[in-house]
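Here's the structure, in structure tokens; my notes come after.
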Amino acid sequence: MTDQNKKPDDKPERQERPDKPQIPIGQLIKTRIEKVAVLREKGINPYPYRYDRSHKIAEALENFDKFVADETEVKLAGRIMLKRKMGKAIFADIHDMTGRVQIYIKIDNVGKPEFKIFDKLDLGDIIGVTGTLFTTQTGEQTVMVSTFEILCKSIHPLPDKHAGLVDKDIRYRRRYADLIVHPEVRETFIKRSQIIRSIRDFLNDRDFLEVETPILQPLYGGAMAKPFKTFHNRLHMDLYLRVADELYLKRLIVGGFDKVWEYCKDFRNEGMDRLHNPEFSMMELYWAYADYNDIMALVQDLLRTAAKKLHGGYKFKFEEHEIDFEPDFKQISMIDAVKEAIGLDLLPLDYEQSIEEAKKAEINTEGLINWGKVVEAFFERFVEPHLVQPTYIKDFPQEISPLAKVHRDNPRLTERFELFIAGLEMANAFSELNDPEDQLKRFKDQVKAGRAGDDEAHQFDEDYIRALQHGMPPTGGLGIGIDRLVMLLTDTHSIQDVLFFPQMKPEGQKSDSDTGTKD
RNA sequence: GGGGGUGUAGCUCAGUGGUAGAGCAUCUGCCUUUUAAGCAGAUGGUCGAUGGUUCGAUCCCAUCCACCCUCACCA
């Protein structure tokens, strides 16, 4: 976290306190540490270097009949999740990334000393087993273990084997434990990876060049948002964590790259809730010689591709909705959408008239400093919550779209659209403003708005104007919120559940007087 | 920021104005095809923190901390 109050040469605070370890060394852990010592005394390394698996668990089970017939010896590895001792035999379940399998250890097969070692193993230990496959009397496919190796001794007990981890706070803080005991959580993140991969493949197929641009920026721009601020000691200057990649990517368009995109983390210093995390993932893309209509077609293609990859088709469930990507995504202008919803045409109104209408509609007019903001407020109030099936809302007012090109049919509007699905804002795109004179004027308007108290107004980026002066071809640009896309496609309600490590406050410390915790 | 809720064993949760309980996990026995294995016994807690009321507080009150839900504001 950056902190404006901190002096530049402050050293980062130490998080851990060695005298007070965060994990209490309870009796359970003590017992396990003693087991580690016992293993070492027996000449067994509890943390060996490698293990040659012959198969993943799922592979062994897929070939079960064949392997039984051939008496194929398999070598599997995984974490012990359940253990059932039957006197001189033990059943256990081991898990790897692909699945689970039951293993069977008999004293007759492994010998008494080895059997005793296995008997002392704990839930959570990682082992490798060698054996053949068979089916038990109750019909379960099982590995008859001939030998086993300890691959990692686990010291910290796992959460309850049935209930798992319930406390959301602990699940996010100890995601490793959450992932061990909740396969469905693992599944969500595998899907996340598949979605990102399908986007990457889609763009590669269309000759978009994947690039990287600065995260630390001397000026922040490309989105209406409050930034995180930090300080570079040697340069002795403030830097900002990017709120968007936009202005750098468009500089690359100026530089002659026709199609560029970046998969990136952006940072916004604003509220946190089920849709917002201070750092989040975006995909931004810029396409020379295209306009926002081309981008609409591209987005529809891209989302269909991702949905098909994940669901095998274009229909899927999200919360109580069935989302359908099959029909062409609906398009409607923001003005028309409001008109359709409440019968009010905002287009012919001037600012004062629009404010009057807003008051009549009981919209809070605080901060609505221009006509564009009023239009947006009407849209958010009366239209946005009802957008379930994919809908392009297009032609945003100019005042709230400082980087978008003026609409070819109406100078009050811009060629900009946002895509809404299931009430979520999924994408934001424009025909990019490439007229340096107009961009200069828009920046000046933003600076004015900033002085008037709009703390999300754009900064004036002189070098960006200079880049546009060199000439940027007509360009269509796009940003897609990846976390929200993953939420949509995995039917997940909260952004924290599609981020491995969502932002959390530091873990609670003992609030006694030994530390100056107040600051 | 407003409203509501929660915080008790490693995990999941009961409970009471007289300093605590269950299931799972752990430890010790018995059990060679079990599967949330079973049976018998045992260990384990400054009951979120600090103050107050009280003879006595885990319980009542106040403050604080953390988390969850929700409204508002923003992406």
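Computation of the quantities below employed the complete heavy-atom set of this structure, encompassing side-chain atoms and omitting hydrogens, waters and symmetry-equivalent molecules. In the text below, chain A, chain B and the rest are named by the order of the sequence lines, each starting its count at 1.
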Protein-nucleotides 68-70 of chain B N/O pairs under 3.5 Å:
unit_1 : atom_1 : unit_2    : atom_2 : d
C69(B) : OP1    : Lys168(A) : NZ     : 3.2

Lys226(A) near the nucleic acid: base, sugar-phosphate alone, or nothing, with a heavy-atom cut-off under 4.0 Å?
nothing
Mind checking if Asp108(A) touches a base, just sugar-phosphate, or nothing, with heavy atoms under 4.0 Å?
base
Of Lys83(A) and Gln137(A), whose closest RNA chain B nucleotide lies nearer the 5' terminus?
Gln137(A)
Are any of the side-chain nitrogens in Glu279(A) or Lys265(A) under 4.0 Å away from the carboxylate oxygens of its partner?
yes
Using 4.0 Å as the upper bound for N to carboxylate O, is an ion pair formed by Glu376(A) and Lys373(A)?
no
Report the relative orientation of the aromatic rings in Tyr464(A) and Phe443(A); use parallel for angles under 30°, tilted for 30 to 60°, perpendicular for over 60°.
perpendicular
Nearest to the side chain of Ile170(A), which nucleotide is it out of C27(B), C11(B), U35(B)?
C11(B)
Base of [N] paired with side chain of [X] (donor-acceptor, under 3.5 Å):
X: Asp160(A); N: G23(B); result: yes
X: Thr31(A); N: U26(B); result: no
X: Glu140(A); N: U33(B); result: no

Tell me yes or no: between the side chains of Thr475(A) and Glu432(A), is some donor less than 3.5 Å from an acceptor?
no
Can a donor-acceptor pair be found between the side chains of Ser154(A) and Arg32(A) at a distance below 3.5 Å?
yes
Separation of U35(B) P from Leu123(A) CG (nearest whole Å):
17 Å
Do Phe228(A) and Tyr240(A) have their ring centres less than 6.0 Å from each other?
no
Okay, side chain of Ser401(A), backbone of Thr414(A): is any donor-acceptor separation there less than 3.5 Å?
no
Quick one: ring pair (Phe, Tyr, Trp, His ring centres under 6.0 Å) partners of Tyr263(A), sequence neighbours excluded?
none
With sugar-phosphate taken as primed atoms, P, OP1 and OP2 and all else as base, the protein-contact string of nucleotides 40-45 of chain B at under 4.0 Å (heavy atoms; B, S, -) is ---BS-
